[in-house]
Undergrad: 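One structure coming up, written as structure tokens, with questions to follow.
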Amino acid sequence: VQLQASGGGLVQAGDSLRLSCACSRRTCSNNAVGWFRQAPGKEREFVATISWNGGITYYADSVKGRFTISRDNAKNTVFLQMNSLKFEDTAVYYCSAHPRSVAHSDGYRYWGEGTLVTVSS
């Protein structure tokens, strides 16, 4: 089981970032993949999810309209395009694979290392 998030960094409010999740074919090709985040002192929260073929996506209300999740199964990579970033988006972002091909916000089983996103106000 291998997932690795990357693409984080320090940006200003209003900027954009694209995160990538490299995922082994065995872990992700037939699985829903989600993005989660954990801000300092807070619990981990759901951000977005995408079904195995990219046909179904679902977002947390806090990011709806600003973030877009997508995937390229040929490259075993899931992306999170983050636009109009806000200070409150500051967190460590994780990607995770679900045991099923379509998922909502819970039940994720496989986790990788996160990537830090810092948004300055």
Side-chain angles (χ1 to χ4, degrees):
V1 174
Q2 292 183 342
L3 297 102
Q4 179 65 58
S6 62
L10 173 62
V11 297
Q12 294 185 333
D15 286 351
S16 298
L17 269 180
R18 189 174 81 156
L19 304 184
S20 298
C21 173
C23 185
S24 66
R25 184 173 182 275
R26 176 181 177 182
T27 301
C28 291
S29 61
N30 296 311
N31 300 76
V33 175
W35 284 97
F36 294 76
R37 66 187 182 186
Q38 186 166 20
K42 295 187 177 181
E43 294 187 353
R44 185 173 62 200
E45 64 174 356
F46 168 78
V47 175
T49 185
I50 188 166
S51 62
W52 72 280
N53 64 353
I56 299 172
T57 58
Y58 180 73
Y59 298 90
D61 288 343
S62 59
V63 305
K64 200 173 296 182
R66 300 188 297 122
F67 291 10
T68 302
I69 190 171
S70 61
R71 67 190 296 163
D72 183 343
N73 283 347
K75 297 182 179 179
N76 298 318
T77 305
V78 177
F79 303 99
L80 185 68
Q81 177 67 43
M82 305 186 296
N83 298 329
S84 302
L85 283 162
K86 304 176 180 179
F87 174 76
E88 51 264 39
D89 294 319
T90 296
V92 177
Y93 284 71
Y94 301 88
C95 56
S96 179
H98 198 279
R100 297 187 176 181
S101 58
V102 181
H104 204 256
S105 58
D106 56 5
Y108 289 79
R109 184 177 300 173
Y110 311 110
W111 296 86
E113 298 293 325
T115 186
L116 176 62
V117 174
T118 304
V119 184
S120 61
S121 57

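Everything numeric here is computed off the predicted structure, so don't read it as measured data. What's counted below: heavy atoms across the whole structure, side chains too, no hydrogens, waters or symmetry copies.
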Undergrad: Please report the closest heavy-atom contact between Gly55 and Ser51, naming both atoms and the distance.
TA: N-OG, 3.2 Å
Undergrad: Atom CD1 in Ile56, atom CD1 in Ile69: separation rounded to 0.5 Å?
TA: 12.5 Å
Undergrad: Any chance you could measure Leu19, atom CG, to Thr77, atom OG1, to the nearest 0.5 Å?
TA: 12.5 Å
Undergrad: Is there a donor-acceptor pair under 3.5 Å between the side chain of Arg71 and the backbone N or O of Ala32?
TA: no
Undergrad: Look at Asp61 together with Lys64 and state whether they make a salt bridge at an N to O cut-off of under 4.0 Å.
TA: yes
Undergrad: Ignoring hydrogens, what is the shortest heavy-atom contact between Cys28 and Val33? Give both atom names and the distance.
TA: SG-CG2, 3.8 Å
Undergrad: Do the non-hydrogen side-chain atoms of Asn73 and Ser29 ever get within less than 4.5 Å of each other?
TA: no
Undergrad: Does Cys23 reach the side chain of Val78, with side-chain heavy atoms less than 4.5 Å apart?
TA: no
Undergrad: Please report the closest heavy-atom contact between Phe36 and Phe46, naming both atoms and the distance.
TA: CD2-CA, 3.4 Å
Undergrad: Could you tell me the separation between the CZ atom of Arg25 and the CG atom of Asn30, rounded to the nearest 0.5 Å?
TA: 7.5 Å
Undergrad: Got more than 12 heavy atoms from elsewhere within 6.0 Å of CD, Glu113?
TA: no
Undergrad: Side-chain donor-acceptor contacts of residues 94-101 below 3.5 Å, not counting sequence neighbours, with atom names and distances?
TA:
from	atom 1	to	atom 2	distance (Å)
Ser96	OG	Tyr110	O	2.8
His98	ND1	Arg100	N	3.0
His98	NE2	Asp106	O	3.1
His98	NE2	Gly107	O	3.3

Undergrad: Ignoring hydrogens and angles, write down the donor-acceptor pairs under 3.5 Å from the side chains of residues 114-121, residues two or more places apart or on other chains.
TA:
from	atom 1	to	atom 2	distance (Å)
Thr115	OG1	Gly8	N	3.0
Ser120	OG	Val11	O	3.3

Undergrad: Could you report the tightest heavy-atom contact between Phe67 and Tyr59, atom names first, then the distance?
TA: O-CE2, 3.2 Å
Undergrad: Under the side-chain contact (heavy atoms from CB on, under 4.5 Å) rule, what do Ile50 and Trp35 come out as? Steps first, then yes or no, please.
TA: CA-CA 9 Å; Ile50 188 166; Trp35 284 97; over 6 Å; no
Undergrad: Under the side-chain hydrogen bond (donor to acceptor under 3.5 Å, both in side chains) rule, what pairs show up with a residue in residues 40-49, not counting sequence neighbours?
TA: Arg37-Glu45, Thr49-Tyr108
Undergrad: Find out if a path of hydrophobic residues (ILVMFWY) with successive side-chain heavy-atom gaps under 4.5 Å connects Val47 to Leu17.
TA: yes
